[in-house]
Amino acid sequence: MNVRRSAAVLAAVAVVGAATPAAADPSPSPSQAFPSALYGGKDPKFDGVWRQSLALLAQKTVGVKPAAKSVEWLVRQQCADGSFAPYRADPTAACDAKTMVDTNQTAAAVQALTALGGHDAVTGKAVAWLKSVQNEDGGWGYAPGGASDTNSTSVVIGALTAAGEKPEQVEKGGKSPYDGLLKLALGCDGDDAGAFAFQPDKKGELAANADATAAGVLGALGQGMVVKPGEKSEATGATKGQTCEDEKTPEQAAANGAAYLTQALAEDGHLTSALPGADPQPDYGNTADAVVALAARGDTGQAEKSLSWLEKNASAWAAQNGPAAYAQLIFAAHATGTNPRDFGGTDLVKQLNATGPAPQTAEKARAAEKKSDSDSGPFGVWWYVGVCLVAGVGIGFLFSGRRNRQQP
């Protein structure tokens with residue numbers, strides 16, 4: 001996901017142009033250059049809303065109540081038209097034509113704020129904006145007006161589903177988001193059968209992309225970033241009889257994509273990235289996304305194997321990449337029924353929480369409530385303790401006097 005997002009951001013920058021320097025944050029933290037409500041310490045210029053949304057969504061998923069100021073920061077990033085930019089240093093300044101809003105940040109914010117609840121007005125405006133920038137082929141690009149891509153279309157589908165919309169009914173030019181996804185799915189011939197492409201190349205050809213395939217499977221299933229644990233099974237796409245077929249339905253496209261991912265993961269347990277001029281490296285983020293995609297279909301056999309690989313190897317990667325990385329691992333753990341608080345010996349929830357403002361967990365809230373109740377008497381708990389001490393002393397004198405009276 002991270003590699004793909006970087007490429008998409010660069011493409012959007014090329015289309016929109018360089019942004020003007022942002023105004024200083026009106027309430028920065030004294031100890032850092034960025035708002036104290038923001039998760040992560042790296043420059044949020046290109047991914048502030050994205051990583052904040054993933055962090056809050058992951059916390060909600062594991063029963064952690066985020067800090068109120070972190071949720072408020074995300075809400076205030078919204079532009080008047082409903083869209084979200086990656087980072088607005090001064091949210092009191094109106095968005096204009098130079099504000100680099102995009103579908104991915106907006107859709108991620110919808111998924112997070114819908115899960116948290118109580119933000120219907122915000123998410124309603126965001127969904128309306130997403131519908132307004134839908135392409136004629138039914139899909140979405142990273143930036144409004146950009147060519148549709150699998151990842152952007154899929155994350156928007158997740159937002160629509162989260163908001164209670166039926167993606168198949170959200171149409172532009174008679175085309176739904178599923179029509180847009182199916183155009184980006186490879187056929188069943190060749191080594192890359194069943195995969196999704198990110199976008200067509202300059203010649204209109206489709207090239208398999210593992211990250212896009214993981215996103216495409218989720219999108220074709222109408223799912224968001226958080227999926228319920230799949231049914232425990234050793235079956236994979238191939239052994240369940242879901243081999244690649246050219247039937248053009250979202251369900252079959254999801255099955256085809258899952259079979260491709262299963263094959264790609266089978267040898268090493270992880271996906272691999274190969275940047276130009278560099279040796280191939282394990283792709284932790286895309287592997288986590290693939291685990292979620294497979295689990296969403298119930299293909300838990302390979303999902304659990306790759307999750308085990310992540311448990312053994314992904315800690316250093318997550319520590320380096322921060323809140324969004326921790327969130328991806330939490331989503332993968334949740335999708336497979338694995339405890340994210342004991343992820344190969346690492347407490348992912350604790351590590352995520354440490355990247356931003358201390359959240360209020362449900363447990364802390366209950367403890368605080370109990371303490372408040374115990375202190376709510378007219379004199380407080382210490383009055384009660386004092387009474388007990390005095391009573392104890394009095395009983396001591398009583399027994400002492402009784403013994404004295406019994407002596408000859």
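The basis for the numbers below is simple: all heavy atoms, side chains too, and nothing from hydrogens, waters or symmetry mates.
At a threshold of 4.0 Å, the pair Arg297-Asp299 counts as salt-bridged, since one of the basic side-chain nitrogens sits closer than that to a carboxylate oxygen.
Around the NZ atom of Lys350, the shell of radius 6.0 Å holds no more than 12 heavy atoms that belong to other residues, nucleotides or ligands. When the shell of 6.0 Å around NZ of Lys183 is examined, it contains 12 or fewer heavy atoms from other residues, nucleotides or ligands. In Gln263, the CD atom is not crowded: 12 or fewer heavy atoms of neighbouring residues, nucleotides or ligands sit closer than 6.0 Å. Residue Lys312 qualifies as open at atom NZ: its count of foreign heavy atoms under 6.0 Å is 12 or below. A 6.0 Å sphere centred on CG of Asp96 holds more than 12 heavy atoms belonging to other residues, nucleotides or ligands. Within a 6.0 Å sphere centred on CG of Asp279, other residues, nucleotides and ligands contribute 12 heavy atoms or fewer.
In this structure the side chain of Pro359 reaches within 4.5 angstrom of the side chain of Val64, judged on heavy atoms. Side-chain contact between Ser176 and Val170: absent, with no pair of heavy atoms (C-beta onward) separated by less than 4.5 Å. Put simply, the side chain of Glu311 reaches to within 4.5 Å of the side chain of Thr338, judged on heavy atoms. No side-chain heavy atom of Leu265 sits under 4.5 Å from any side-chain heavy atom of Tyr260. Side chains of Thr287 and Leu310 form a contact here, defined as non-hydrogen atoms less than 4.5 Å apart. Residues Gln223 and Thr161 form no side-chain contact, since every pair of their non-hydrogen atoms from C-beta on lies 4.5 Å or further apart. Asp137 is not listed as a side-chain neighbour of Lys172, based on a closest heavy-atom distance of 4.5 Å or more. The shortest side-chain heavy-atom distance between Gln78 and Cys95 does not fall under the 4.5 Å cut-off.
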Side chain to side chain contact (heavy atoms under 4.5 Å, CB included) between Thr272 and Asp283, worked out:
CA-CA 5 Å; Thr272 301; Asp283 194 327; 5.8 Å; no
Kindly indicate, with the supporting measurements, whether the criterion side-chain hydrogen bond (donor to acceptor under 3.5 Å, both in side chains) is fulfilled by Ser154 and Asn151.
CA-CA 5 Å; Ser154 296; Asn151 299 71; over 6 Å; no
Apply side chain to side chain contact (heavy atoms under 4.5 Å, CB included) to residues Leu348 and Arg341 and explain how you reach the verdict.
CA-CA 6 Å; Leu348 295 177; Arg341 291 179 169 85; over 6 Å; no
Are Gln351 and Thr355 close enough, and set up right, to give a side-chain hydrogen bond (donor to acceptor under 3.5 Å, both in side chains), and what steps lead you there?
CA-CA 7 Å; Gln351 297 289 351; Thr355 66; over 6 Å; no
Kindly indicate, with the supporting measurements, whether the criterion side-chain hydrogen bond (donor to acceptor under 3.5 Å, both in side chains) is fulfilled by Thr346 and Ser315.
CA-CA 7 Å; Thr346 298; Ser315 293; 3.1 Å; yes
May I have the step-by-step check of side chain to side chain contact (heavy atoms under 4.5 Å, CB included) for Lys42 and Asp47, ending in yes or no?
CA-CA 9 Å; Lys42 296 181 180 179; Asp47 75 336; over 6 Å; no
Apply the test side chain to side chain contact (heavy atoms under 4.5 Å, CB included) to residues Val227 and Leu218: give CA-CA distance (whole Å), side-chain angles for both, the deciding distance (0.1 Å), then the verdict.
CA-CA 9 Å; Val227 304; Leu218 278 180; 3.9 Å; yes
Could you go through the side-chain hydrogen bond (donor to acceptor under 3.5 Å, both in side chains) check for Tyr142 and Asp102 one step at a time?
CA-CA 6 Å; Tyr142 183 85; Asp102 68 74; 3.2 Å; yes
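Distance alone, capped at 3.5 Å, is enough to place a donor-acceptor pair between the Arg88 side chain and the Ala93 backbone. Asn256 places a side-chain N or O within 3.5 Å of a backbone atom of Glu245 that can act as its donor or acceptor partner. Listed for the Thr106 side chain is a donor-acceptor partner under 3.5 Å among the backbone atoms of Phe84. No donor-acceptor pair closer than 3.5 Å links the side chain of Glu171 to the backbone N or O of Lys175. Of the possible donor and acceptor atoms, none in the side chain of Arg76 sits under 3.5 Å from a partner among the backbone N and O of Pro91. Side-chain N or O atoms of Lys69 include none that pairs as donor or acceptor with a backbone N or O of Ala37 at under 3.5 Å. Listed for the Trp140 side chain is a donor-acceptor partner under 3.5 Å among the backbone atoms of Leu130. Under a 3.5 Å cut-off, the side chain of Thr262 and the backbone N or O of Ala258 do form a donor-acceptor pair. For Thr103 (side chain) and Gly141 (main-chain N/O), a donor-acceptor pair under 3.5 Å exists by modelled atom type. In this structure, Asp192 contributes its side chain and Ala195 its backbone to no donor-acceptor pair below 3.5 Å.
Taking CD of Gln134 as the start and OG1 of Thr153 as the end, the distance is 8.5 Å to the nearest 0.5 Å. The line from CG of Asp191 to CG of Leu186 is 11.5 Å long, rounded to the nearest 0.5 Å. One finds the CD atom of Gln199 at 14.5 Å from the CD atom of Glu205 (value rounded to the nearest 0.5 Å). For the atom pair Asp120 CG and Lys125 NZ, the distance stands at 13.5 Å (nearest 0.5 Å). Of the inter-residue distances, the one linking Glu168 atom CD with Asp179 atom CG reads 11.0 Å to the nearest 0.5 angstrom. To the nearest 0.5 Å, atom CG of residue Leu38 and atom CG of residue Leu74 are 10.0 Å apart.
Listed here is the closest heavy atom pair of Ala85 and Val49: O-CG2, 3.1 Å. Summarising the geometry of Gly219 relative to Tyr178, their closest heavy-atom pair is O-CE2, 3.2 Å, with the distance given to 0.1 Å. Taking every heavy atom of both residues into account, Phe331 and Leu54 meet most closely at CZ-O, 3.8 Å. Here the closest non-hydrogen pair linking Val292 and Ala335 is CA-CB, 4.2 Å. What you find for Lys60 and Leu116 is that their closest heavy atoms are CB-CD2, 4.0 Å. Nearest heavy atom pair, residue Leu329 against residue Ala318, reads CD1-CB, 3.8 Å.
The aromatic rings of Tyr87 and Trp73 lie parallel to each other, their planes meeting at an angle below 30°, with 60° marking the opposite boundary.
Counting only N and O atoms by type, the side chains of Asn135 and Ser148 include a donor and acceptor under 3.5 Å apart.
With sequence neighbours excluded, the residues forming a ring pair (Phe, Tyr, Trp, His ring centres under 6.0 Å) with Trp309 are His270, Tyr284, listed by chain and number.
Checking Leu206, Leu181, Asp211 one by one against Thr150, the side chain to side chain contact (heavy atoms under 4.5 Å, CB included) holds for a single residue, Leu181.
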